[in-house]
Amino acid sequence: MEKKRSLTIGQKQKIAGWLFLIIATVMIFVFSFWPMVSALTTSFKTGSAANMKWCSPLTFNYTRMVKDKIFKTSLSNTFLYLIIQVPIMLIVAIFLAQLLNNRDLKFKGLFRTCVFLPCSISLVSYSLIFKSLFATQGLINSLLMKAHLISENINWLGTTGTARFVIILGLLWRWTGYNMVFYLAGLQNIEYSVYEAAKIDGANGWKTFWYVTVPLLRPVIIMTFIMSINGTLQLFDESVNLTNGGPAGTTITMSHHIYNNAFGTGVANFGYASAMSFVVFVMVAILALINLKVGDTRD
Amino acid sequence: MIQRRLIPSYIVLVIVSIFSVFPIYWMLTAATNNTADVARGKMFFGAEAMINFNKLLKGTNLWQSMGNSFKYALAQTVLCLLVCSLAGYGFELYHDKGKDLLFGILLLGMMIPGVATMIPLFRMMSSMKMLNTVWGFVLPAVSTPFMIMMFRQNSRNFPVDIMEAARIDGLSELGIFFRMFMPVMKATYAAAAVITFMNAWNSYLWPRVVMTDNKAQTMPILIANMANGYSVDYGMLMMGVLFSTFPTLIIFFVLQKQFAEGITGSVK
């Protein structure tokens, strides 16, 4: 045959395989990995977008964070949401999945659809809905007034404690059903005979749940945990649209603070914003690695 | 019949269901009431839907933003599915040591938060004159480790015999992908399409960064801007939220199974 077709079928297939994944690979390198490197170098620079210079000392943007009160508030807010909201949400989600996984339960599909429904709403939309519900002149206050539980309207979003409560409530509303879907999928993979065996061994409902269901669900639990940490560290839409970081910046999240520094009115502090965003990246990475390690210790 | 021992389960599930549905129900009713009634705590449907709608049409560029949102979300869905399914197919069905290593590296991309890449990406788009364009919106979101992994995991069930048979029949490698792989993987494509469209439609941070011009804004940005004024018209605002929500609500009700599959992705 002609010399041109000197490639063997095997070689041809090998080349085809690489060609299939080249576009996706290049795009991830260009739009994720390279920007991450660029964020790191930018984090050592200062000045406006057009002409940025290296900081002196080089770590200026990082030491600045230590003195930044709003950054510290945003950090503690993130961890507050992480410590309170994530465990409640995951426990409720497992609990609901367990209830819904019962063979004898009627209207299963209806219940599942209802609990899952908040996932169809965008974060901006639900933030605005919750903002309206908890407005000083809003439904929640008027209901509480009618029930004579309060004598004057509560300024839910204008007080730090209650504003944080509304954000946590909103997050629970939006994400519990989402996590439940993962647990339901995981539970459906557990053979019914496993439960029957536990029953024969004399395990009651609670013991079965704790010693059979939870260990079998462990990979899914770890995954939802990582996703929730990841999501909480990057909270943005709620902070912007529900409380606008207020009152007085006390509910602001890290992403919101970073955004304000980079794209807020009148500032384009890319260097400092990049430094903070790199801190977020490091935290996401470390927490994800810890989680993976914890998941590996047994089995 | 309902079993007695399950009654506590039903009570819990009913309460949780009401909690889950109520804010959405309330959003629908508020869109039909005027702002005074909404503030007074009216919980039933009113007769002011048309008034709110007309106010929305006059006060905002509703149709333009709806059109933009549809355009960007569709573009992102088509491109993302094509690029990621090709890659998932390549990684799984042509896999060797080198590709497995590369796949592991790409997965690290899952750890990269959007807020960390937004500044470099903004400068990139700005220097390539892609601000306020569909390319600026979609390019960073076309290739995602999550989608590649989803297609890779799901193509494990793809019968390799078919590929051999197709090769003997003289089909090219790309031909096998389009003629054999795509039809067999319909269910995965549907799930991936639903989740990608929803994510694109609902995204907020990146569009806010890259769409600096009002003419290029999307629905989430439109409603967020509406809520920023000193006096908010709640009826009109909720009508806006309704417009921003109903496409995803419809997708949810029609394709709930695909949506759930898309979310859980590669968990099998």
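Each chain gets a letter, A, B and so on, in the order its sequence line appears, and its residues count up from 1.
- With a 4.5 Å cut-off on non-hydrogen atoms, A/Leu143 touches chain B through its side chain but not through its backbone.
- Contact annotation for A/Lys14: both backbone and side-chain heavy atoms come within less than 4.5 Å of a heavy atom of chain B.
- Without hydrogens or angle criteria, A/Tyr126 side chain to B/Pro23 main chain gives no donor-acceptor distance under 3.5 Å.
- Atom CE in B/Met27 sits 7.0 Å away from atom OG in A/Ser125 (nearest 0.5 Å).
- Residue B/Pro8 does not touch chain A at all, counting heavy-atom pairs closer than 4.5 Å.
- Note on ring orientation: taking the six-membered ring where Trp is involved, the planes of B/Tyr204 and A/Phe236 are tilted (angle from 30° to 60°).
- Listed options B/Val209, B/Val38, B/Thr245, B/Ile148 were ranked by heavy-atom pairs under 4.5 angstrom with chain A; first place goes to B/Val209.
- Using cut-offs of 30° and 60° on the angle between ring planes, the pair B/Phe259 and A/Phe116 is parallel.
- A/Ser122 places no side-chain N or O within donor-acceptor distance of the main-chain N or O of B/Asn202, the cut-off being under 3.5 Å.
- Looking at A/Phe263, the atoms closer than 4.5 Å to chain B (heavy atoms on both sides) all sit in the side chain, from C-beta outward.
- With a 4.5 Å cut-off on non-hydrogen atoms, A/Val30 touches chain B through its backbone and its side chain both.
- Among B/Ala224, B/Ser143, B/Gly240, the residue making the largest number of heavy-atom pairs under 4.5 Å with chain A is B/Ser143.
- In this structure, chain B has a heavy atom under 4.5 Å from the side chain of A/Asn230, while its backbone stays farther away.
- Both the backbone and the side chain of B/Phe19 come within contact range of chain A, each with at least one heavy atom under 4.5 Å from a heavy atom of that chain.
- With chain A as partner, the option from B/Trp26, B/Tyr234, B/Phe253 having the largest number of non-hydrogen pairs under 4.5 angstrom is B/Trp26.
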